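Notes for the one structure printed next.
Note that the structure is a prediction, hence the values are computed from the model and not measured.
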Amino acid sequence: MDGVVRLVYPCRSTDRVMVRLSLSRTPSSKKDMDVYDIVDWFRDEIFSKSSIKGFDEEIRDRVPLRDVVNLHNRDGLRDMSQIRSMTRNIISGGDILSSDGLPNIKLVKTERNEWVLFDGHHSMLAYMLAGRKYLDEVPHLIVEDAGRTHVPDKEILVFFGKHKAELENWRKHVINWQTSEGNQLQKRIQDNMGELLDALPI
């Protein structure tokens, strides 16, 4: 995939919905990389080595966090106490970032215009519990295929690891890394992050 990384942070504005955005494109020699490889390349070769210079952009079509497609059912979430702790941090004015400084929340958009969360389920749920309603209100990273704002469906399969060969329609399944290998590929119960939030015992 000819990858593009969008790094997006909320930006305060009194009358418009704005974000601070930066774009990075993988070298032409790296077209064999999958989404995870592209994130690693961006972190190692761009984010960790230089000061990212972004630009402000107005958001006209806001993406509700509740509509984002999850890749885990409720029982695939690791730690409710972590979500509660993250929520308190956000309410106190903090943001949820990984140890390298990148946003925990990472997404792709599909050919059907669906937003899929491939990393950061706990973080997004914490932001939602803290009252955030739209994607532009949280720091996040988007991986795209250059020349398009989406990635092909075949690129989604990498999120299911070694179980991707078993999939006929990834939309009907989720992955649970918290259980034994033979039980990791599961039928989808919650269809989006809104339903996942509603299923939490919080």
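When the options Leu117, Asp67, Val19, Val63 are evaluated for a side-chain contact (heavy atoms from CB on, under 4.5 Å) with Leu135, the one that passes is Val63.
Under the 3.5 Å distance criterion, the side-chain polar atoms of Gln190 are matched with a main-chain donor or acceptor of Arg74. Distance alone, capped at 3.5 Å, places no donor-acceptor pair between the His72 side chain and the His121 backbone. Looking at Thr26, its side chain does come within 3.5 Å of a backbone N or O of Gly3 through a donor-acceptor pair. Judged by distance alone, with hydrogens and angles left aside, the side-chain atoms of Ser92 form a donor-acceptor pair with the main-chain N or O of Arg88 at under 3.5 Å. A donor-acceptor distance shorter than 3.5 angstrom exists from the side chain of His122 to the backbone of Arg78, with no hydrogens or angles considered. Distance alone, capped at 3.5 Å, is enough to place a donor-acceptor pair between the Glu137 side chain and the Tyr134 backbone. Asn192 places a side-chain N or O within 3.5 Å of a backbone atom of Gly194 that can act as its donor or acceptor partner. Using modelled atom types, no side-chain atom of Asn70 and backbone atom of Val116 make a donor-acceptor pair closer than 3.5 Å. No donor-acceptor pair under 3.5 Å is formed between the side chain of His140 and the backbone N or O of Tyr9.
Evaluation of the salt bridge (charged side-chain N to carboxylate O under 4.0 Å, His left out) test over residues 167-176, restricted to residues two or more places apart or in two chains, returns Glu114-Arg171, Asp153-Arg171.
Between Asp95 and Tyr127, the side chains place a donor N or O and an acceptor N or O closer than 3.5 Å (distance only, hydrogens not considered). His163 and Gln184 share a side-chain donor-acceptor pair at under 3.5 Å. Using modelled atom types, one finds no donor on one side chain facing an acceptor on the other under 3.5 Å when comparing Asn176 with Thr179.
Atom-to-atom distance recorded for Glu155:CD and Met1:CE is 4.5 Å, nearest 0.5 angstrom.
Relative orientation of the Phe118 and Phe159 rings is parallel, given thresholds of 30° and 60° on the angle between their planes.
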**Asked** Which is it for Lys162 and Glu181 under the salt bridge (charged side-chain N to carboxylate O under 4.0 Å, His left out) test, yes or no, and what are the steps along the way?
**Response** CA-CA 10 Å; Lys162 64 179 62 177; Glu181 183 176 318; 3.6 Å; yes

**Message:** Applying salt bridge (charged side-chain N to carboxylate O under 4.0 Å, His left out) to Glu144 and Lys109, what does each step give before you reach the verdict?
**Reply:** CA-CA 7 Å; Glu144 301 175 350; Lys109 188 162 67 170; over 6 Å; no

